[in-house]
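Have a look at the structure below before the remarks.
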Amino acid sequence: TVYLDTLGFSGFNTVLQAIERNTPVVAYEGQFMRGRFASAILRHLGLIDMVATNPDQFIQITVRIVQDEGLRRSIKKKIEMTKTQKNEVIEVLKDKFSQYNNFYVTNTESLTVAQVTKLRSVCFDKQVEMKVAKNTLIKKALESLDSEKYAGMFESLNNVTALMFSENPKDPAMILSSFRTASKTD
């Protein structure tokens, strides 16, 4: 099995689900952030050979993977996230949720790469931690802390989720508000 990422509007959760199942993914890197999720994930995993920059290359990569079982096996080994690694991410998230009394959940799916970079920079300048993690791992971290307390949040964990943590609960809200205002004028 090979997962072919959608063109133009790259999958995020679906790509992560494919990766969680150790399924090779082929991505076509789009111009905007919404078309770069899968390619960013693949680059992070060191699978740059699975990222196409044109339609012909997308087809060539796909055919090569479908026809070469050994290649598929080696890709599966590279993308395998062990249970230990998943538990480590969950523990880091639990620590963050426990460390801060407040946190924000925001959807960054429609942002371009430049906008996400700018948002991260603003967060850094204001001492707001911005974390992106798999929604399933975020949910598991919250459930293990207090599933009843966070139950209402679970439905908001879709698309591309960024978490924002800050000592001052107003800072993330102010960042998001001014970022939205500035983005409308850009």
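Heavy-atom basis, side chains included; hydrogens, waters and symmetry copies ignored.
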What are the two closest non-hydrogen atoms of [X] and [Y], and how far apart are they?
| X | Y | result |
| --- | --- | --- |
| K126 | D171 | O-OD2, 4.0 Å |
| A27 | A38 | CB-CB, 3.7 Å |
| L119 | I175 | CD1-CG2, 3.7 Å |
| N22 | K76 | O-CG, 2.8 Å |
| T106 | L176 | OG1-CD2, 4.1 Å |
| M153 | S156 | O-OG, 2.6 Å |

Would you say [X]'s side chain and [Y]'s backbone share a donor-acceptor pair under 3.5 angstrom?
| X | Y | value |
| --- | --- | --- |
| S177 | A173 | no |
| R72 | I65 | yes |
| T62 | F58 | yes |
| Y104 | P169 | yes |

F97 vs I138 side-chain heavy atoms within contact, under 4.5 Å: yes
Minimum side-chain heavy-atom gap R64-V26 below 4.5 Å: no
Same apolar cluster (I L V M F W Y, side chains within < 4.5 Å links), [X]/[Y]:
| X | Y | answer |
| --- | --- | --- |
| V128 | V132 | yes |
| V2 | V63 | no |
| L71 | L42 | yes |
| I59 | V51 | no |
| Y28 | V66 | yes |

Derivation of the side-chain contact (heavy atoms from CB on, under 4.5 Å) call for D49 and I61: CA-CA 8 Å; D49 294 341; I61 293 169; over 6 Å; no
side-chain contact (heavy atoms from CB on, under 4.5 Å) assessment of V25 paired with M50: CA-CA 7 Å; V25 175; M50 311 308 298; over 6 Å; no
From [X] [atom1] over to [Y] [atom2], what is the distance, rounded to the nearest 0.5 angstrom?
| X | Y | atom1 | atom2 | result |
| --- | --- | --- | --- | --- |
| S144 | Y150 | OG | OH | 10.0 Å |
| T136 | K139 | OG1 | NZ | 9.5 Å |
| K96 | K131 | NZ | NZ | 5.0 Å |
| I41 | L47 | CD1 | CG | 11.0 Å |
| L157 | N107 | CG | CG | 10.5 Å |
| Q99 | E167 | CD | CD | 6.5 Å |

Steps toward side-chain contact (heavy atoms from CB on, under 4.5 Å) verdict (Y100, L163): CA-CA 12 Å; Y100 295 97; L163 300 168; over 6 Å; no
F154, CZ atom: more than 12 neighbouring heavy atoms under 6.0 Å: yes
Basic-acidic side-chain contact under 4.0 Å: E143, K140: no
